[in-house]
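The structure appears below as structure tokens.
Model, not experiment: these values are computed from the prediction.
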Amino acid sequence: MLHAYLVEIAATPLAWLIILGLTGIAVWKAIGSVRSNLRLVVQIIFFTAMTSVLVLGDIPLGQSERLRLGDERAAFIVFAQLLWWLHLSWAVIGFVRIYLVLEGRPREARLLQDIVVGAVYLCATLAALAFVFGAPVGTLIATSGVIAIALGLALQNTLGDVFSGVALNLGHTYALGDWILLEDGTEGRVIASTWRSTQILTGANNIVVLPNSVLAKQKLTNVSRPDETHLLNMMVRVVPTQAPSIVEEAMLTVLAGCNSIMREPPPLVSLNGVDATALEIHLFFRVSNPMLRMKARNEVIDRFYRHCRSIGLQLAMPSSAIAAGVQSDQISRPREEILEEMLDENPIFSSLTRLEREKLAQSGVDREYRKGDLIVSQGQALPSMMIVRTGVISMQHDQQEKRRLSSGDFFGETGLFAGMQETYALQALTRVTAYEIDQKSFAHLIADRPAIAEEVSAILAASSDDVGQLPSVAIKHERSASAFLKSIRTIFST
């Protein structure tokens, strides 16, 4: 008997409705959530086809007087109706997700989608109970209201997190990927916003999980709005041995030579106060994102120290030391001593002895360049090595600036040691003074100790491709240590 009914049903629109519903579920699962646009199209197609079969086949959407409890067709009709309601909910959910994506709301895409999806499924379930099974939905809602009150009292903390999360998302406080700073000192990027909590990835590569109710009560600074550029303020103090205008120009030169800070808007220098012991200066500069703050501060401090040493500016003693009667022993130093310190800091000359560095410092020649002077053209061979004492130099490749050099940096090592052409053009952005070390000066050291050539060649061959530090010719031209050694011996053999 059942077999006969199955054969009869298979030739009716009811069978097509069930087949379309089951096929739609299989296809919907096979597509996956990644291709949401294709999912929406498939949902609309299957839902439209099922609706057409339901209308044309005169299949009741809800309970019908023609259906009886003992009717074998009733179970198939109820199953087909439930499939239709399921596809209706999926189609609505697909529209909601596409709307959130196309509107560009990744911040809301998780939490709000979960809320909307839950509401759609709840409405579809209540509608199916009312239309398909004839359940008293009104009574059910009234009963569930009492249960909801009891659950709300038991889960008030969790519900507080949920509603706080909704408020934070709807208020456009932050978006996924934004860098935020809380009043308790916590800062980092927002990587997830769930029903109950928000996850922040800190600069220490740790994940801080904050309940939404706690986050909503704190003062929050969104560092990523309107953009991620971040202003830094650093205070320095120098002994007022020179006019404040000269010190201000020197500080602007320090900031102009830093490569970790932004060029636009330009950095600023504020002279905050002066007395008999110190000139207090505030340096204002920006970085492109908060992760560069430490790197930028370190570079500014390094450039500040190098430039003050080169032009004779003395760092002021701390106020506490002055109050204790501690005297500064800083005095003006000769140029040979300053050059010797620069040679000490230069990795190329790390293998030289103290006496050898003193001899090399004594043989250095001062060179001066005016603002705008072209020091070296791209492709020109420079037979001397230059160490910048003061000023800022722009390194350009094909007329595009790649890096800036300032006090303590050097150039020309490729021409001095390997006889090669410069890959960058160097132009003075300010007045520049530099120490020149030519082939003859270095040849005297090799004549006294030939092992210097091998030591320097090993350093050059193992050098990295970092512009303005160790020369890159060892990597760019794939020349081995023996090739460098041969070039050095050829250059200094005479």
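At distances below 3.5 Å, not a single donor-acceptor pair connects side-chain atoms of Q199 with backbone N or O atoms of V209. Remark: the backbone N or O of R306 is paired with a side-chain donor or acceptor of S407 at under 3.5 angstrom.
Counting heavy atoms from C-beta outward, F304 and M251 have side chains that approach closer than 4.5 Å. Side-chain contact between V223 and N289 is absent, with no heavy-atom pair separated by less than 4.5 Å. Under the 4.5 Å side-chain criterion, counting only non-hydrogen atoms from C-beta, I375 is not in contact with E422. Using a 4.5 Å heavy-atom cutoff, the side chains of L215 and Y174 are in contact. Side-chain atoms of C308 and Q314, non-hydrogen and from C-beta on, never get closer than 4.5 Å to each other. You'll find the side chain of I281 reaches within 4.5 Å of the side chain of V269, heavy atoms only. Residues I261 and P267 have side chains in contact (heavy-atom distance under 4.5 Å, counting atoms from C-beta outward). Within the 4.5 Å cutoff, side-chain heavy atoms of F411 are placed close to those of L382.
In this structure, CG in L231 is found 10.5 Å from CE in M262, a value given to the nearest 0.5 Å. Taken from OG in S394 to CZ in R403, the straight-line distance is 11.5 Å, to the nearest 0.5 Å. Going from atom OG of S260 over to atom CZ of R404 covers 12.5 Å, rounded to the nearest 0.5 Å. Taken from CG in L220 to CG in D178, the straight-line distance is 9.5 Å, to the nearest 0.5 Å. Once rounded to the nearest 0.5 Å, the distance linking CZ of R389 with NE2 of H307 reads 10.0 Å. Taken from CG in L255 to CZ in R303, the straight-line distance is 11.5 Å, to the nearest 0.5 Å.
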Side chain to side chain donor-acceptor pair (under 3.5 Å) assessment of N272 paired with S270: CA-CA 6 Å; N272 201 49; S270 173; 4.8 Å; no

Carefully, step by step, assess M234 and F285 under the rule side-chain contact (heavy atoms from CB on, under 4.5 Å). CA-CA 9 Å; M234 192 175 74; F285 51 93; 4.2 Å; yes

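Considering only residues two or more places apart in sequence or on other chains, H282 meets the ring-ring contact (aromatic ring centres under 6.0 Å, His included) condition with none of them.
Residue Q396 places its CD atom among more than 12 non-hydrogen atoms of other residues, nucleotides or ligands, all under 6.0 Å distant. Counting non-hydrogen atoms of neighbouring residues, nucleotides and ligands closer than 6.0 angstrom, the CD atom of Q399 reaches no more than 12 such neighbours.
Under 3.5 Å, the side chains of D184 and T186 contain a donor-acceptor pair of N or O atoms. For the residue pair T430 / T253, no side-chain donor-acceptor distance below 3.5 Å is found, with atom types taken as modelled.
Look at R237 and D275 and you find no salt bridge, because none of the NZ, NE, NH1 or NH2 atoms lies under 4.0 Å from a carboxylate O.
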